[in-house]
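So the structure is just underneath, and the comments pick up after that.
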Amino acid sequence: MNSNFEDNFVQQLSIDCVIFGYGEGQLKVLVSKLKLNGDFWVLPSGFILKSEGIDRAASRILKERTGLKDIYLDQYRAFGDLDRSNKDVLAEIQRLNPELFDGSSQQKNDLEWLANRFIAIGYYALVDINKVVPKLMSIDQSIDWYPVTSIPQLILDHNQQVQQALEALRMHLDDRLLGFNLLPEKFTMKALQELYEAVYDKPFRRNNFQKKILDLDVLERLEKQFTGASNKAPYLYRFKNYTQ
């Protein structure tokens with residue numbers, strides 16, 4: 001077999017990325033719709049070059065999709081069920097888009113390679129949504145942010161990946177100060193509480209939440225945020241480990 005995929009990439013391994021952002025009071029995920037007939041929605045994904053490690057591959061894929069580098073990235077689990085392959089997805093794509101398949105030997109080799117069972121290494125990333133301009137690739141019809149509570153039906157096990165990435169985010173939100181990666185440098189206590197409520201999908205009592213956060217001793221209190229309104233101005237905060 002003389003496949004471009006086989007020549008360039010590690011066989012039967014892929015990288016799937018759940019990219020979280022926070023905006024308009026909602027936790028969101030970056031999702032692509034493929035430029036094909038039919039509804040084929042996917043997480044930002046890619047293959048591992050033979051010349052790179054898996055972390056570097058994940059960083060490359062994220063930079064291609066977000067334009068950002070040096071962002072928080074965590075490998076949270078692998079997905080490798082015995083029947084996990086692209087075979088059924090590719091068959092449906094071919095059925096709905098026959099004009100894209102010319103039947104050349106190179107294409108047949110590439111399709112055979114893509115139809116193999118793949119083990120996906122799952123990463124999640126946390127970004128300041130205001131700094132991201134999602135990048136369209138040649139395979140994309142669109143790429144955009146969707147609330148984590150209303151993501152389209154994705155191919156393969158990508159919806160499961162989002163849920164498990166969310167569980168990992170919730171597990172480490174406090175001990176790794178992950179909220180720092182989703183908020184701007186300076187924020188109010190109310191904004192931080194709203195972020196937590198979006199991540200956990202439940203409300204928190206204001207006094208209890210403020211005590212919990214202050215007891216962690218991870219915040220630096222800054223100047224008040226004056227808005228010109230008659231109500232009391234709230235203090236601004238930032239995480240103690242913040243560096244410009």
Review point. Stepwise, does the ring pair (Phe, Tyr, Trp, His ring centres under 6.0 Å) test hold for Phe239 with Phe187?
Key: CA-CA 9 Å; Phe239 287 98; Phe187 49 86; 5.3 Å; yes
Practice item. Please report the C-alpha distance between Arg206 and Gln193 in whole Å, then the side-chain angles of each, then the deciding distance to 0.1 Å, and finally whether the side chain to side chain donor-acceptor pair (under 3.5 Å) criterion is met. Key: CA-CA 8 Å; Arg206 185 177 64 84; Gln193 180 173 337; over 6 Å; no
Exercise for review: Go through Tyr235 and Leu222 one step at a time and tell me if the side chain to side chain contact (heavy atoms under 4.5 Å, CB included) criterion holds.
Suggested key: CA-CA 6 Å; Tyr235 280 102; Leu222 304 171; over 6 Å; no
Review point. When you look at Gln161 and Asp157, which way does the side chain to side chain donor-acceptor pair (under 3.5 Å) test go after all the steps?
Key: CA-CA 6 Å; Gln161 291 188 34; Asp157 51 12; 3.0 Å; yes
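Between Ile19 and Trp145, the closest heavy-atom pair is O-CZ3, 3.3 Å. When all heavy atoms of Tyr22 and Leu182 are compared, the pair lying nearest together is CB-O, 4.0 Å. The nearest pair of heavy atoms linking Phe101 to Gln94 is CE1-CA, 3.3 Å. Closest approach of Val132 and Val127 over heavy atoms only: CG2-CG2, 3.8 Å. For the residue pair Tyr124 and Ala168, the shortest heavy atom distance occurs at CE2-CB, 3.7 Å. Of all the heavy atoms in Leu73 and Ala125, the pair that sits closest is CD1-CB, 4.1 Å.
Under the side chain to side chain donor-acceptor pair (under 3.5 Å) criterion, Asn97 pairs with Asn37, sequence neighbours left out. Remark: Leu114 pairs with Phe5, Phe47, Leu90 by the side chain to side chain contact (heavy atoms under 4.5 Å, CB included) rule, at least two apart or across chains. For Asp39, the side chain to side chain donor-acceptor pair (under 3.5 Å) partners two or more places apart in sequence, or in a different chain, are Lys33. Remark: Ser45 engages Asp16 in a side chain to side chain donor-acceptor pair (under 3.5 Å) (not counting sequence neighbours). Remark: Ile54 engages Ile15, Ile48, Gln75, Ile121, Tyr123 in a side chain to side chain contact (heavy atoms under 4.5 Å, CB included) (not counting sequence neighbours). With sequence neighbours excluded, the residues forming a side chain to side chain contact (heavy atoms under 4.5 Å, CB included) with Ser104 are Asp102, Gln106, Gln107, listed by chain and number. For Asp217, the side chain to side chain donor-acceptor pair (under 3.5 Å) partners two or more places apart in sequence, or in a different chain, are Lys240. With sequence neighbours left out, the salt bridge (charged side-chain N to carboxylate O under 4.0 Å, His left out) criterion links Lys108 to no other residue. For the side chain to side chain contact (heavy atoms under 4.5 Å, CB included) test, residues two or more places apart in sequence or in another chain that qualify with Lys202 are Tyr200, Phe204.
Ionic pairing of Lys50 and Asp7 is not present here: no N-O contact between side-chain nitrogen and carboxylate oxygen is shorter than 4.0 angstrom.
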List the atom pairs, donor and acceptor, that lie under 3.5 Å between side-chain atoms in residues 146-156 and the rest of the protein, sequence neighbours left out.
| unit_1 | atom_1 | unit_2 | atom_2 | d |
| --- | --- | --- | --- | --- |
| Gln153 | NE2 | Asn159 | OD1 | 3.4 |

Show me the donor-acceptor pairs, under 3.5 Å and distance only, between side chains in residues 134-141 and residues at least two apart or in other chains.
| unit_1 | atom_1 | unit_2 | atom_2 | d |
| --- | --- | --- | --- | --- |
| Asp140 | OD1 | Ser32 | OG | 2.5 |
| Asp140 | OD1 | Arg65 | NH2 | 3.3 |
| Asp140 | OD2 | Arg65 | NH1 | 2.4 |
| Asp140 | OD2 | Arg65 | NH2 | 3.3 |
| Asp140 | OD2 | Met137 | N | 2.7 |

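The salt bridge (Lys or Arg N to Asp or Glu O under 4.0 Å) analysis of residues 52-62, with sequence neighbours excluded, yields the pairs Glu52-Arg60, Arg60-Glu64.
No side-chain N or O of Arg117 forms a donor-acceptor pair with one of Gln12 less than 3.5 Å apart. Judged purely by distance below 3.5 Å, without hydrogens or angles, the side chains of Glu167 and Gln163 never pair a donor atom with an acceptor atom.
Here the side chains of Leu126 and Phe180 are not in contact, with every heavy-atom distance at 4.5 Å or above.
For Trp113 and Phe118, the distance between ring centers is under 6.0 angstrom.
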